[in-house]
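Scroll down for the structure; my scribbles are underneath it.
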Amino acid sequence: MADKEPRIVFQRPKSLLPVQMHYCPGCPHGIVHRLIGEAIDKMGIEGTTVGVAPVGCAVMAYDYFACDMIEAAHGRAPAVATAVKRVHPENIVFSYQGDGDLASIGMAETVHAATRGENITVIFYNNAIYGMTGGQMAPTSLPHQVTQTSPYGRDVHTAGYPIRVCELLKDLDGVAYLERVTVDTPSHVRKAKRAIQKAFTYQQEKRGYTLIEIVGTCSTNWGMTPLESMDWMRENMLPYYPLGVYKDIVAEGYENIHEAAKDRAKNVPIVMQEAN
Amino acid sequence: MADKEPRIVFQRPKSLLPVQMHYCPGCPHGIVHRLIGEAIDKMGIEGTTVGVAPVGCAVMAYDYFACDMIEAAHGRAPAVATAVKRVHPENIVFSYQGDGDLASIGMAETVHAATRGENITVIFYNNAIYGMTGGQMAPTSLPHQVTQTSPYGRDVHTAGYPIRVCELLKDLDGVAYLERVTVDTPSHVRKAKRAIQKAFTYQQEKRGYTLIEIVGTCSTNWGMTPLESMDWMRENMLPYYPLGVYKDIVAEGYENIHEAAKDRAKNVPIVMQEAN
Amino acid sequence: MPKDYSKDLKIIFAGFGGQGLLFAGKIVAQAGLLDGKEVSWLPSYGPEMRGGTCNCSVTVSTDPVGSPLVVEPDVVVAMNQPSVYKFIDAVVPGGLMIVDSTLVPDIPERDDIAIVKVPSTQLADEAGFKQLANVILTGKLYAETKFCSKDAIDAALTKIIPARKAKLLEPNQKALAMGMDL
Amino acid sequence: MPKDYSKDLKIIFAGFGGQGLLFAGKIVAQAGLLDGKEVSWLPSYGPEMRGGTCNCSVTVSTDPVGSPLVVEPDVVVAMNQPSVYKFIDAVVPGGLMIVDSTLVPDIPERDDIAIVKVPSTQLADEAGFKQLANVILTGKLYAETKFCSKDAIDAALTKIIPARKAKLLEPNQKALAMGMDL
Amino acid sequence: MSRIIVDETYCKGCGLCVDACPEGIVELDQTRINAKGYHPAVLVDEAKCTACSSCATMCPDMAITVWRS
Amino acid sequence: MSRIIVDETYCKGCGLCVDACPEGIVELDQTRINAKGYHPAVLVDEAKCTACSSCATMCPDMAITVWRS
Amino acid sequence: MGEKVLMKGNEAVAASAVRAGCRYYFGYPITPQTEVAAYMSKIMPKIGGTFLQAESEIAAINMLYGAGAAGARAMTSSSSPGISLKGEGISYMAGADLPGVILNVERGGPGLGSIQPSQQDYWQATRAMGHGDSRHIVYAPNTVQEMADLVYLAFDKADEYLMPVVLLADGLLGQMMEPVELPPEKTEFPEKPWATTGHHNKRPHNVANSLYLQADKLEAKLRERYARYEQIEKTEQRSEAFMVDDADIVVVAFGASARIARSAVVSARAQGIKAGLLRPITLWPFPNDSLEATVPQAKAYLSVEMNMGQMVDDVRLAVHDAHPVRFYGRTGGVIPAPGEVLDAIAKLAQEVGA
Amino acid sequence: MGEKVLMKGNEAVAASAVRAGCRYYFGYPITPQTEVAAYMSKIMPKIGGTFLQAESEIAAINMLYGAGAAGARAMTSSSSPGISLKGEGISYMAGADLPGVILNVERGGPGLGSIQPSQQDYWQATRAMGHGDSRHIVYAPNTVQEMADLVYLAFDKADEYLMPVVLLADGLLGQMMEPVELPPEKTEFPEKPWATTGHHNKRPHNVANSLYLQADKLEAKLRERYARYEQIEKTEQRSEAFMVDDADIVVVAFGASARIARSAVVSARAQGIKAGLLRPITLWPFPNDSLEATVPQAKAYLSVEMNMGQMVDDVRLAVHDAHPVRFYGRTGGVIPAPGEVLDAIAKLAQEVGA
Ligand SMILES: Cc1ncc(C[n+]2csc(CCOP(=O)(O)OP(=O)(O)O)c2C)c(N)n1
Ligand SMILES: Cc1ncc(C[n+]2csc(CCOP(=O)(O)OP(=O)(O)O)c2C)c(N)n1
Ligand code: SF4
Ligand code: SF4
Ligand code: SF4
Ligand code: SF4
Ligand code: SF4
Ligand code: SF4
Ligand SMILES: [Mg+2]
Ligand SMILES: [Mg+2]
C-alpha cells in the first residue's frame, strides 16, 4: 500500500491562541482548554462565543482563548456570564471555574445561575485543591487529604465534608444538563469532549443551564508527578465523585427546563395558571 | 364532677421576653418564635442557648428571646452561628432566617455550614417573599407569583425557578436532620414544635447540622388577610414545597453524620485510611 | 395676621398605615404643582414595621423647598389618636389641626391653634365612599387654607388617579367636594 | 579596595523553583543572625506560576536593613541560564557572580566583576548529595565573602533544619564544607 | 370551668384563634379597639371551652393563656 | 508513514503522552533540555506510529501534531 | 419642554436612567431604595430591557461588570450595607476600565444601622469604594430633578471615561416626591469597540481584565488611568454657589443637607449675617476650584453634613487652612433642622467677627 | 529576653497572635498572606484553638463577628480584594462594638491587580473599611518584629476599645524573613461581661447588635462611640522619628516604604541634606501631634507611599499647609528604590532651598 499524502489528523484548535500556557507540566487544565477550543472550532462559534475566566490557576485563560474573554472576580463568573448572556442572548457564553472559585466563594452565584436556568455553560475543573494560591484545602478536598491548610489531613470534624457539585445542583429546576467526566485517558478525554460539545449545543438550543464537571488533578500541590496524580485521582476522587450524567433533561423526555419544571409542579395552581 | 383548681395549661414560654412583637397581625413568625421558646423551656436550656437573628422581618428577634442573642448581617447568620458554636461548643446555637436571608444572599453560608456539619440548628422561615423590605420576589417565590419586583408574576424565563431548600441540602454529608413543616393548623403547629425540639436534641447529641423549614405566609405583602394567606399557602406552597422529613440520619440508622458519611465513602481509600 | 397659605403651607398628614394619608398628601402636592408652586412630599418610614403609624410631610410654597421634612407644621391632619398626641404640640401657633373625630376620642387642649373636628370616617361610610375619609379631610384642609386654586385641587385628583383606576375618580371628587363644603 | 562583606552583603539567589534557592538564602540569613547582624530575606513571587524562575534577596549587615529587595547585589548565585542573563548586569562593579556551571552553559562576559563557576550539580551528584547543589554553592559563597564567622554558618544549618529532618543535617554539613573547600 | 384569657395589649385581632377554636367560641370584638388599633379577640361562651388550647396554639402574639379546671 | 511532531517550545516534559501511547514509542529525551528547563518528548520509532492521536489527546500543552499518511 | 410630574427621587432615577439608554438593571432589595427596582421591574419587560433581581449585591455588581464589559448601558443600586458588599466588584470595574452606574441611597450606619437618610458614606464614595488606587466620579444630587439629571449624565460620563460612576443620594432624596421634568430619550450612543460582544471574526479578541501580574505593567496601566483622572479633575468639577460672592461665612453642604443649609443661609441673611452656600455637585472631583475662589472673600467655612464629619477634610484641603473650617452635623438618620444650622452659622459668624 | 528567630512576617503575625491569646482564626486563602492560614492550621489543633477555613472572606469576617460577640480573641487575615469583601462585616463589628483583629497584607490593585506588595488600601483602611461613620485603629508595621509586636497590641486594643483593629501590612512585610523575638504568652485577659456566652441564668440576656431603628438612638450611640474615638485620637497615636529634630525635609512614610525612605534619608544626610523620617505607626489615629511638632523646624514634607498618593492628604491636614507637602510614590506592586526617593528628597530640598 503506497503512502498517501500526509495530512494532519490532530492539531491545536484554532480558537486557542498559539501561546504557551503557564500551567504546570501535565496539568489537565490544558487538556480541558483544548476540549473547549475543539468544541468552539467544531461548532464554528468562535466569533459569537464569550468566555469568562475565573480566579484560580485558569485566571489567564483570557490570554489563551481566541474568542472574547472576561476575567471575573473570584467566584463571580456565573454572575458575569449571566449578564453577558442577557446582553447578547445569541452568543454562546461559558465560564471556566475551579473548585474553590465555583464551590466555595462562588457557591451562591453557582446555585443561583443554575436555578435561574441561565442559558450558559459552566466548565468546572475540580482538582480538590486551591491550585493557584499554593495548595490550600478546597471545598472538594477529600477527608484526610493533606493540604497546606489541612496539614494533618482534612479533619471532617472541624473542616466538614466535601461538596459534590453535580449532586448538589441536580434537583434545581433551572438545570438542563450535568455531567461529571475526567481526562485521565484518551477515551475519557474523548468522552469529556462530547460532554462539553453537548453542553454547548444545549445552550445553543436554549434548553437551560449546563455544567460539566471535570475531575482533574494538581500534581504540583498534591506533591506528585503528573502520572501519579492521575492514579491518585482515579483511586480516590473517582469513587467519591462518580463519573456520569447527573441530569439530562432531553434524555428525560423534555424539550427544555421549562417543560420539565412545569411537569414537576403540575399540582400547583399558581404555576399552572397560564394553562387555564 | 366538682371543678378542679384551675391551672394554666398554655401560656407564653419563659424564654420569650414579655414584650409586644412588631410583626403584622397573624404573622406566623410569632408562632415559630413561640415554638422555639417552648423548646428552650422544655429542654431547660435558656442559659446555654445563643440565638442568631437575621436581617428580615425577624431582625428584632434579639429583643424577643430571653437567651443571649446576636444580630447577624443579612444572610450571614450561619457564619456567625458557626463561630459562636466553635467558641462555646456546649451551647445550643440556633439561627433564625427568612428565605431571602437564607436562600438568596446567604446561600453560600447556608450550604457551607451544612456541608461542614456544624452542630447548629437553623430555623428557616419560608414565606416566598421579602417581607421586611416590602414584598419583593424571594428565591422561593412561586412561578407567576406577583411581587413588587415580579409585577407581572414571576417569569421563570427571566427570573428563573424557586429553590427548594430541603431538597437542595439533603445530599450534603454534614446534614443530620431536615424537615419541612408548616404552622397553619394546631396539629401542624404541634408537629412543627416536635421538629424543632428534635433538631435541638440532635444538636445536643452532636449529630450534625439540623434545619427546620417552616412554610409560612406574609399576609401583608401577599395582600391578603391572615386567614386567606394560610389558604393560599396550603393551596400553592405546600404542593410546591411538600412537607415531611427530608433527612434524618438517626432514622437511617446512623449515630451521626460521620458514621453516615463514612459509610457512603467506604470505597474511597483515603477516606477509610484511619480504619486501616 | 393669619398666615397666607397660598404663599407657603407646611402640612403633616398622620394616622395608621392604610388610611390613605400618603395619597392625601399627594393630592395636596400635586395641586400645588399644578398652580406652579414649589412642592415636596416626604413619607416617614419610622421604626414601625407594619400596621403602625404612618405620616407624611407636604410643603407647598412659592419659594424653593429646603428641608422636605416638616417639623413645624402649619397644619396637621390627624386620623388616629396616637398621631394627635404626637403632633399637636408641633403645630405652629396660629396653625391648624384637622382631626377625624370618628376615630379620635381625645384631643388635648391648645388655645393658640384652631382645631377642626370632622367625623370623616363616619361621613365617608354614610356617603358610601368607603376608605375616602382621607379625601374628605383633604377637602376640609383646602377649605380652611385655600393654599391653591380650586381648579388646581380638582385637577390634582384627575392627575394622580391612574387611568386604570378611572372608576375611582368620581367618588374621590365627591369626597373632596364634601370636605370642602363642611 | 574590595568591599568588606562582613559589614554588609547583599545577595540574590536565582534559579528554577525546586533548586533550593530559598533554603540557601535562609542559611545565609540565619548565619548573619547568629553573628548578631541585621538580616533580611525576601523571596520573589513574580508572574510565573510554577516551574518558572525563582529567586530571593538576602541582606546581612551591621546596619538596619532598608529595602529587603536587593536591586544592586554584591553577589548573585545563579543556578540556571535565564537567571544568569537576568541578573548579571545587576551585580555591582567589584561584585561577584557564582554560577552552577553544570546547568549554565553560557555566561556573558563582564570584566568588572568576578565570575566563579562551580559545577555544583555535578559535584553533588557525584558525592551522593542529591539536591544539595544549592548548599555547595552557599559554601562557596562563604569562602568567597567571609560575610560571617565560620561558627555561625555551621550553626545556621543546625538551626534551620528542623528536628524531624535531622538525618538531613549531615549531608548538608558535608555539602557546605565541600563548597567552602573548592 | 376551663377558659382562656386574652391579653388585649398583645392581641392584634388577626383572627387565627377564631378560626382555630373547634367550639367556635372565640370572636373578634368589633365594638372595641385596643391601643394598637385592633379589635381584640374575646371568648364568647366560657361554658363551652374545653381548654383544648387550639386558639393559643395558633396565636402568633401569645395573647392567650389557657386555664383548665 | 504516520508520525507525530512535538513542538519543543510547548512541551513541558510531563510524560502524559509517553504513558498514553499504545505503541510505547514516545519518550522524554533525557539528553536535551528546552528553554523552559524540561526534557521534551520525542517519537522514538516513527515506523510504529498509527496516528491514533492518543498522545496528542493527552497533551495538555498542545505540543503534538499528528500526521497520517 | 416636557411636563413636570411628581415623582419620588428613586423613581426619577430609574425613569431617567431608562431614558439615558439603560437597558440592564441588576439589584437586590434594600430600604430606602427599593422603588428603583420596583420601577425597573415594571418597565424593563415592556421595552425589551432586562430587570434582574440578583441573589445578592455582590452578584449584582458583578453582573454590572459583565454587562459593562459586554457593551451595555447598565446600572445597579443599593444602600449603605449593600454598597459595602459591592466594593470588590467596583474595584474590578475600575481596574478593567468598565463603565457602569451605581446608585447609593445612603442610610444610617454603621452596620445595619437605621433606615433613615444619612450621608455617612461620603468617605467610602470619594476615597475607597473598594481596594486599590481608584477613583470614581461621584454625583451628589440635592433635588429629585437632579436625581434625574445627574443619573442621565452619569451614563454618558461612565462611557466617556470608561469607569464606574456613582450617584450618592440619601433616603430623603430617594423617598421624597418633587416635580421633575424627565430628560429626553437618548438615541445615540458611543461606539464600544473594546466590548466583549463576540468578535464575529472581524477583529482580534477583546478582553476585559484587571490582572497585571507584572508590577511594572500594572503601574503603567495605573499611570495611564490617573492621567484620565487628572483630566476629570480639571474638567468635571461641578458645584452650585448660592449667595457666595460676598459671603463671610461659606457653608459647604451637598445633597439633602444642602437643602437644609440653604434655608439656614436664607435665615442668616435675614439676620444680617453674610452667609452663602457652596454646594458640591461632584464630590469627586471635589470642586476645589470654586472653593478656592471663595478664599479671598470668605472669613470662615462651615461644612454641614449628615454624618460625623467627613467632607470637612476636603474643605480644609481645598481652602488650604486659609480660614477656620468648622463642622456641623447630625448622624444616624437624623435630619438636621434649618434652625440648628442657623445657630451654627451664627456662632461661627460671631467667632470670626463676621 | 527570648531568642530571636528568623520568620516571615506572615508567620510572625500568626505566632504572635497566638501568644496574644488568639484561639480562633477564620480565613480564606489569598496571596500574599497564605502563610498566616498555613501557620494557624498547623498550630490551632495542637493548642485547642480553632482554625477554620471559611468559604469566603465574607463568611470569615462574619465568623469574626460571631467569635467577637461570643467573647473570644479572634482574627482574620486577607489581602486587598478580600478585604473589600469584608467591608460590610467590619462595619457591623464597628456598629456592634465588637473586638477583633483584621490583617490586610496589601497587594497591587485595583481589581485583581497584581500579587506584589502595595500600600494602595491606605484610604480604605483609614477612612472607609465599610459604610457608615466608623473608625478602626490601624497599625502599620515596618519590620517583621513590628508585625509581631503590633498584632499582639492589636488584640489588647480591640478588647480595650471594643472595636475591630486593623493591621495594614503589605506583601513585602508578609513575605520577608527577619529576626524576630516573639512576645510572651499572654495569660490574663479582660472580662467580657457583655459577651453572648449564654447567660447561664445569671444575668439578663446579652445582645450583639448594630440596628437602631430610631435615628436619634443611633445618633446617640454614635456620639458615645465617637467620644471613645476622640479618646483614642488623644492617647493612641504612635510614630517613630528618625533624624527629624533638625530636619529641613521631613519624609513621611509608613510600612515597607518607610524602610526605603529611611535608607534614602541616610543617603540624603550623607549628601548634606538635612532630611528626617517621620514614620506613622498608627495610621488612624494619624500621628498629628508628632507631625505638628515638626512644623516649626521643617521646610517641606515628602510623603513616600507605594500608591498614587493617599496618606499625603493626611500629612497636609496635619501640617495645616504651613509648608509645601509633596508626594513620591510607586504603585501596582513596584517597590521604590532608595535612590528614587533620594532624588525626590534632593529635588524638594533644592526647591525649598534646604
Ligand atoms: C476575593 C478573593 N479571594 C481570594 C483570592 C485568592 N485566590 C486566588 S485563586 C484562589 C483559589 C483557586 O482555587 P480553585 O478555584 O480551585 O482553582 P485552581 O487554582 O485549583 O484551578 C484563591 C482563593 C482572590 N484572588 N480573590
Ligand atoms: C446587605 C443587605 N442587603 C439587603 C438588605 C435589605 N433587606 C432587609 S430584610 C431583606 C429580606 C428579607 O426577606 P426574608 O429573608 O425572606 O425575611 P422576611 O422578611 O420575609 O421574613 C432585605 C433584602 C440588608 N439589610 N442588607
Ligand atoms: S498549580 Fe495545580 S492546578 Fe495549577 S497549574 Fe499547577 S498543577 Fe495545574
Ligand atoms: S411583612 Fe409579612 S413576614 Fe413580615 S411581619 Fe408582616 S406578615 Fe410577617
Ligand atoms: S381552649 Fe379550645 S375551646 Fe377553649 S377557646 Fe381555645 S380553642 Fe376554643
Ligand atoms: S390569634 Fe392572638 S393576636 Fe390573633 S386575634 Fe387571636 S388572640 Fe388576637
Ligand atoms: S499517534 Fe498514537 S501511536 Fe503515534 S505516537 Fe501518538 S499515541 Fe503513539
Ligand atoms: S504530553 Fe505534551 S507536554 Fe507532556 S511530555 Fe508529551 S508533548 Fe510534552
Ligand atoms: Mg482547584
Ligand atoms: Mg421571606
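By convention in this document, chain letters (A, B, ...) are assigned in the order of the sequence lines, proteins followed by strands, and residues within each chain are numbered from 1.
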Would you mind checking chain G against chain A for donor-acceptor pairs under 3.5 Å and listing them?
{"unit_1": "Glu55(G)", "atom_1": "OE1", "unit_2": "Arg116(A)", "atom_2": "NH1", "d": "2.8"}
{"unit_1": "Tyr65(G)", "atom_1": "OH", "unit_2": "Glu71(A)", "atom_2": "O", "d": "2.5"}
{"unit_1": "Ala70(G)", "atom_1": "O", "unit_2": "His88(A)", "atom_2": "NE2", "d": "2.9"}
{"unit_1": "Thr197(G)", "atom_1": "N", "unit_2": "Asp68(A)", "atom_2": "OD2", "d": "3.1"}
{"unit_1": "Thr197(G)", "atom_1": "O", "unit_2": "Asn91(A)", "atom_2": "ND2", "d": "2.9"}
{"unit_1": "Gly198(G)", "atom_1": "N", "unit_2": "Asp68(A)", "atom_2": "OD2", "d": "3.0"}
{"unit_1": "His199(G)", "atom_1": "N", "unit_2": "Gly47(A)", "atom_2": "O", "d": "3.0"}
{"unit_1": "His199(G)", "atom_1": "NE2", "unit_2": "Glu46(A)", "atom_2": "OE2", "d": "2.8"}
{"unit_1": "His199(G)", "atom_1": "NE2", "unit_2": "Ala66(A)", "atom_2": "O", "d": "3.2"}
{"unit_1": "His200(G)", "atom_1": "N", "unit_2": "Gly47(A)", "atom_2": "O", "d": "2.7"}
{"unit_1": "Arg203(G)", "atom_1": "NH1", "unit_2": "Asp68(A)", "atom_2": "OD1", "d": "2.9"}
{"unit_1": "Arg203(G)", "atom_1": "NH1", "unit_2": "Asp68(A)", "atom_2": "OD2", "d": "3.4"}
{"unit_1": "Arg203(G)", "atom_1": "NH2", "unit_2": "Asp68(A)", "atom_2": "OD2", "d": "2.7"}
{"unit_1": "His205(G)", "atom_1": "ND1", "unit_2": "Phe65(A)", "atom_2": "O", "d": "2.8"}
{"unit_1": "His205(G)", "atom_1": "ND1", "unit_2": "Cys67(A)", "atom_2": "O", "d": "2.9"}
{"unit_1": "Asn206(G)", "atom_1": "N", "unit_2": "Asp68(A)", "atom_2": "OD1", "d": "2.7"}
{"unit_1": "Asn206(G)", "atom_1": "O", "unit_2": "Met69(A)", "atom_2": "N", "d": "2.9"}
{"unit_1": "Ala208(G)", "atom_1": "N", "unit_2": "Met69(A)", "atom_2": "O", "d": "3.0"}
{"unit_1": "Ala208(G)", "atom_1": "O", "unit_2": "Glu71(A)", "atom_2": "N", "d": "2.8"}
{"unit_1": "Asn209(G)", "atom_1": "ND2", "unit_2": "Tyr62(A)", "atom_2": "OH", "d": "3.1"}

Identify the heavy atoms of Ala83(A) and Ala67(G) that sit nearest to each other, and give their distance.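 Minimum heavy-atom separation between Ala83(A) and Ala67(G): CB-N, 3.5 Å.
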
Closest non-hydrogen atom pair, Ile70(A) against Ala69(G):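 Distance-wise, the nearest heavy atoms are CD1-CB, 3.6 Å.
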
Non-hydrogen atoms of chain G under 4.5 Å away: do they reach the side chain of [X], the backbone, both or neither?
X        : answer
Ala72(A) : backbone
Ile45(A) : neither
Val50(A) : side chain
Val93(A) : neither

Does atom CD of Glu185(G) have more than 12 heavy-atom neighbours, drawn from other residues, nucleotides or ligands, at distances under 6.0 Å?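 Buried by this count: over 12 neighbours within 6.0 Å.
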
Between Ile92(A), Val55(A), Val87(A), which residue shows the highest count of heavy-atom pairs closer than 4.5 Å to chain G?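 If we count pairs closer than 4.5 Å to chain G, Val87(A) comes out on top.
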
Could you look at Ala195(G) and say if it's the side chain, the backbone, both or neither that has a heavy atom under 4.5 Å from chain A?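 Backbone only.
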
Less than 4.5 Å to any heavy atom of chain A: does that hold for the side chain of Leu52(G), its backbone, both, or neither?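 Side chain only.
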
Only counting residues at least two apart or in another chain, list the ones meeting side chain to side chain donor-acceptor pair (under 3.5 Å) with Tyr122(G).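 Only Asp314(G) meet the side chain to side chain donor-acceptor pair (under 3.5 Å) criterion with Tyr122(G).
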
